[in-house]
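Owing to the predicted nature of the structure, the values given are computational and were not obtained by experimental measurement. Each chain gets a letter, A, B and so on, in the order the sequences are listed, and its residues count up from 1.
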Amino acid sequence: MRVLGTLRVHRFHYLMMLPGLVLAGMFVFYPIFAAMFYAMHDWSGFTAQKIFVGFGNFLDLFLDPIFWNAFGRSIVFLVGTVPLQMAISLVLAMVLNMQLLKLSTFFRTMIFLPVVTPVAVIGIVWTFLLSPFNGPVNGLLLDLGLVSQPIDFLGSTQTVMPSVVGVYVWKWLGITLIYWLAALQTVPDEVYDAARLDNCKGHRLAFYVVLPIIKPFALAILLISSVAALNVFPLIMSMTNGGPFFGSEVMEIFIYRTAFAADDGSIPQLGYAAAAGVLFGAVLLGLTALQALAARRTRMATAGTKA
Amino acid sequence: MIARLSPKRIVFGDHAPSLRITLTSAILALLCLVWIYPFLWMVSTSLKSNMEMFANPGLIPQDFMWDNYRRAWVEANMGRYFFNTLIVTAGSVFLVTVSTAMLGYVLGRYRFPGRTTFFVAFVATVFIPQGFTIIPVFELLSMMGLSSNLFGLTLATSGHAMVVFVVLFAGYFSQLPKELEEAARVEGITFFKIFWYVMLPLARPMVVTVVIMQVLHAWNDFLLPLVITLANPAIRTLSVGIYAFKGEQSIDWTGMSAAATISIVPVVILFVLLQRYFINGLAGAVKG
């Protein structure tokens with residue numbers, strides 16, 4: 001009776017949430033549980049036959065060096081791109097935020113252009129630009145005399161990750177730039193006026209006056225950028241397919257290759273791929289929890305100074 | 001009017017010319033030129049012949065080969081992929097915006113049993129990457145018979161990115177004042193009408209944010225359309241179509257550049273026209 005009563009009182013609330021909850025149920029929550037279920041089975045995905053193996057897949061993963069390499073590369077990618085992207089865009093945002101600079105809207109548009117370009121296009125265009133055969137980048141390096149032989153940026157295991165990181169930062173720099181600019185807009189003009197009176201300018205103004213004010217935004221930007229940097233599949237897939245010799249195989253490529261057996265014609269292992277996804281997801285969830293905890297502490301600290 | 005448009009005016013505005021501004025502008029201009037070089041290269045290549053492309057590294061083509069565009073549009077099916085992408089983008093923007101706004105509104109403004117559970121569930125899943133859920137999503141669509149059509153792709157594209165939007169909407173709605181809503185309720189306006197005519201218009205900045213972010217997401221999405229269109233190439237999106245170009249034995253670079261140009265022109269035009277909304281919308285994501 002009480003349940004029915006609650007349902008009646010809040011019927012409009014539940015009704016209004018229904019479309020969103022159905023969508024989320026199908027594509028957010030159900031997949032998480034389904035992935036855990038698949039992860040405990042030996043299953044190719046083509047046959048109906050699923051063999052329950054319990055934690056067998058996870059044990060295999062722990063001993064699979066290809067999995068750990070892919071895992072490590074995802075982390076390297078995250079650590080390689082996010083700080084670089086945030087730092088460069090912060091400096092640019094501070095320059096573009098100068099009120100005397102009349103062309104900043106134009107410059108901002110140019111820098112934002114890669115953001116609105118589909119990733120697959122970017123991957124393919126850069127494959128050619130970085131090509132060792134007639135690629136413009138190598139052409140320039142050769143003309144300047146910086147190298148004597150063309151560099152096979154995407155074809156060698158040493159240069160492939162830095163190249164992909166570089167292209168990623170180029171692609172998404174515009175969006176972090178917008179975030180920083182939004183943060184800088186919240187700095188009141190009076191602050192700059194006061195700083196001028198105290199003859200504080202240049203890097204001292206940036207470090208001791210502006211940065212502390214926009215610090216609370218840094219965490220939000222860090223979070224959004226980190227989420228984005230984990231979804232790097234399209235860029236790497238369209239540039240290298242994870243190659244050469246798995247040299248750029250990040251977690252998502254590993255999952256895709258294992259689940260759908262893209263190239264090598266081996267048997268797809270959906271269960272194994274799902275287990276990899278679950279393990280990776282669990283680690284990320286742990287990281288999120290840590291970050292949330294850190295965020296809470298910072299917020300409490302700032303609330304303390306305000307009060 | 002003429003004085004307004006002089007180069008000096010564009011660079012310095014009403015201020016006296018200064019060396020620092022000139023230098024900064026010049027450096028930035030150079031940087032931007034390098035920055036957008038890949039686009040210049042792409043457009044230039046799309047107008048060259050396959051032979052000229054390797055022989056002439058300059059940006060100005062000798063003769064303009066418009067045939068590349070015909071080849072990309074007709075033979076490589078870019079025309080069809082273009083409309084597929086348009087349908088998926090428009091459909092998912094509508095679905096996502098309406099459903100997450102309603103969900104966020106209720107979660108952000110009302111107390112009812114189960115609210116905390118839903119809220120925690122949404123916040124906890126923000127970090128789950130696509131690669132994690134792609135297999136069950138594909139299985140689910142297969143079970144429903146939607147695994148190889150545009151409707152299934154639109155649904156999945158909507159579902160995949162919605163979590164962040166729910167959290168953003170809930171946050172935005174929770175800080176709007178109560179008075180308007182109460183006044184409307186006194187007038188006897190129904191719950192749904194209050195949301196649609198009173199609260200949703202108030203949340204316009206956040207609606208813009210969500211629309212823009214979803215457009216970018218749908219136009220950029222790759223893993224999901226790649227998996228879903230494996231069995232049915234006719235419903236490929238532009239991203240997958242261009243990727244397929246690369247898979248064929250000999251790469252038709254100029255045709256591919258034409259196809260790539262086709263795929264970026266609509267978003268670039270949209271961006272330049274609606275730039276203010278893009279910028280404010282994205283800024284809304286961090287300002288909360």
Side-chain angles (χ1 to χ4, degrees), chain A residues 6 10 12-13 16-17 19-20 23-24 26-28 30-32 34-35 38 95 100-103 107 109-111 113 116-121 124-126 128-129 134 136 139 175 178-179 182-183 217 220-221 227 230-231 233-234 238 251-252 255 259 270 273-274 277 280-281 284-285 288, chain B residues 10-13 15 21 24-25 28 32 35-36 38-39 41-42 54 57 99-100 102-103 106 110 112-113 125 127-133 135-137 140 156 158-160 162-163 166 191 219-220 222-223 238-239 242-243 246 253 256 260 263-264 267-268 271 275 279 282-283 285-287:
Chain A
T6 321
H10 296 287
F12 289 133
H13 299 154
M16 201 163 201
M17 293 196 300
L23 211 56
M26 281 168 68
F27 298 107
V28 180
Y30 161 77
I32 292 173
Y38 294 154
V95 174
L100 292 176
L101 205 62
K102 290 290 149 190
L103 284 175
F107 292 137
T109 309
M110 294 294 114
I111 292 168
L113 216 51
V116 292
T117 309
V119 192
V121 171
I124 285 161
V125 167
W126 273 100
F128 190 88
L129 292 177
N134 286 307
I175 211 158
I178 302 297
Y179 295 151
F217 291 95
I221 299 173
V227 174
L230 289 167
N231 287 304
F233 178 86
S238 58
M251 216 46 242
E252 281 181 295
I255 294 173
L270 231 59
F280 189 55
L284 289 180
L285 210 63
T288 321
Chain B
I10 292 172
V11 178
F12 299 108
H15 299 278
I21 295 293
T24 317
S25 297
L28 281 173
C32 285
W35 196 259
I36 62 163
F39 294 98
W41 177 86
M42 189 178 79
F54 287 102
S99 65
T100 58
M102 296 199 300
L103 187 52
V106 178
Y110 295 96
F112 53 89
T125 45
F127 240 109
I128 305 279
Q130 260 198 353
F132 176 71
T133 52
I135 297 158
V137 163
L140 181 71
S158 316
H160 246 167
M162 65 178 288
V163 177
V166 172
F191 183 71
W219 204 267
N220 268 303
F222 184 69
L223 176 57
L238 279 172
S239 296
I242 287 165
Y243 178 69
K246 201 188 166 195
W253 283 104
M256 205 182 68
S263 78
I264 75 160
V267 250
V268 169
F271 170 65
Q275 192 172 160
I279 304 300
L282 289 172
V286 281
K287 280 183 181 163

Portion of A:His10 that has a non-hydrogen atom of chain B nearer than 4.5 angstrom: side chain
Ring geometry between B:Phe191 and A:Phe12 (parallel below 30°, tilted from 30 to 60°, perpendicular above 60°): parallel
Interatomic spacing from CD1 in B:Ile264 to CG in A:Leu113 - rounded to 0.5 Å: 6.0 Å
Largest heavy-atom contact set with chain B, pairs under 4.5 Å, which of A:Ala220, A:Pro136, A:Gly139: A:Pro136
Region of B:Phe112 in contact with chain A, defined by heavy-atom distances below 4.5 Å: both
A:Gly20 to B:Met162 - nearest heavy-atom pair and separation: O-CE, 3.4 Å
Top contributor to chain B contacts, counting heavy-atom pairs under 4.5 Å, from A:Phe107, A:Trp126, A:Tyr38: A:Phe107
A:Met110 to B:Trp35 - nearest heavy-atom pair and separation: O-CD1, 3.6 Å
Which atoms of B:Trp41 approach chain A - backbone, side chain, both or neither, heavy atom under 4.5 Å: side chain
Part of B:Ser239 within contact of chain A (heavy atom distance under 4.5 Å): both
Validation row: A:Leu23, B:Ser158 side chains within 4.5 angstrom (heavy atoms): yes
Contact origin within A:Val119 toward chain B - heavy atom pairs under 4.5 Å: both
Winner by heavy-atom pair count (cut-off under 4.5 Å) against chain B, out of A:Ala273, A:Ala274, A:Ser238: A:Ser238
For A:Tyr30 against B:Pro136, the heavy-atom pair lying closest together: CE2-O, 4.1 Å
Closest contact, heavy atoms only, B:Ala260 versus A:Val121: CB-CG1, 3.6 Å
Interface residue of largest heavy-atom contact number with chain A, from B:Thr24, B:Leu28, B:Val267, under 4.5 Å: B:Leu28
Where A:Ile111 and B:Cys32 come nearest, the two heavy atoms and their spacing: CG1-SG, 4.4 Å
Heavy-atom pair with the smallest gap, counting every atom of B:Met102 and A:Met16: CB-O, 3.4 Å
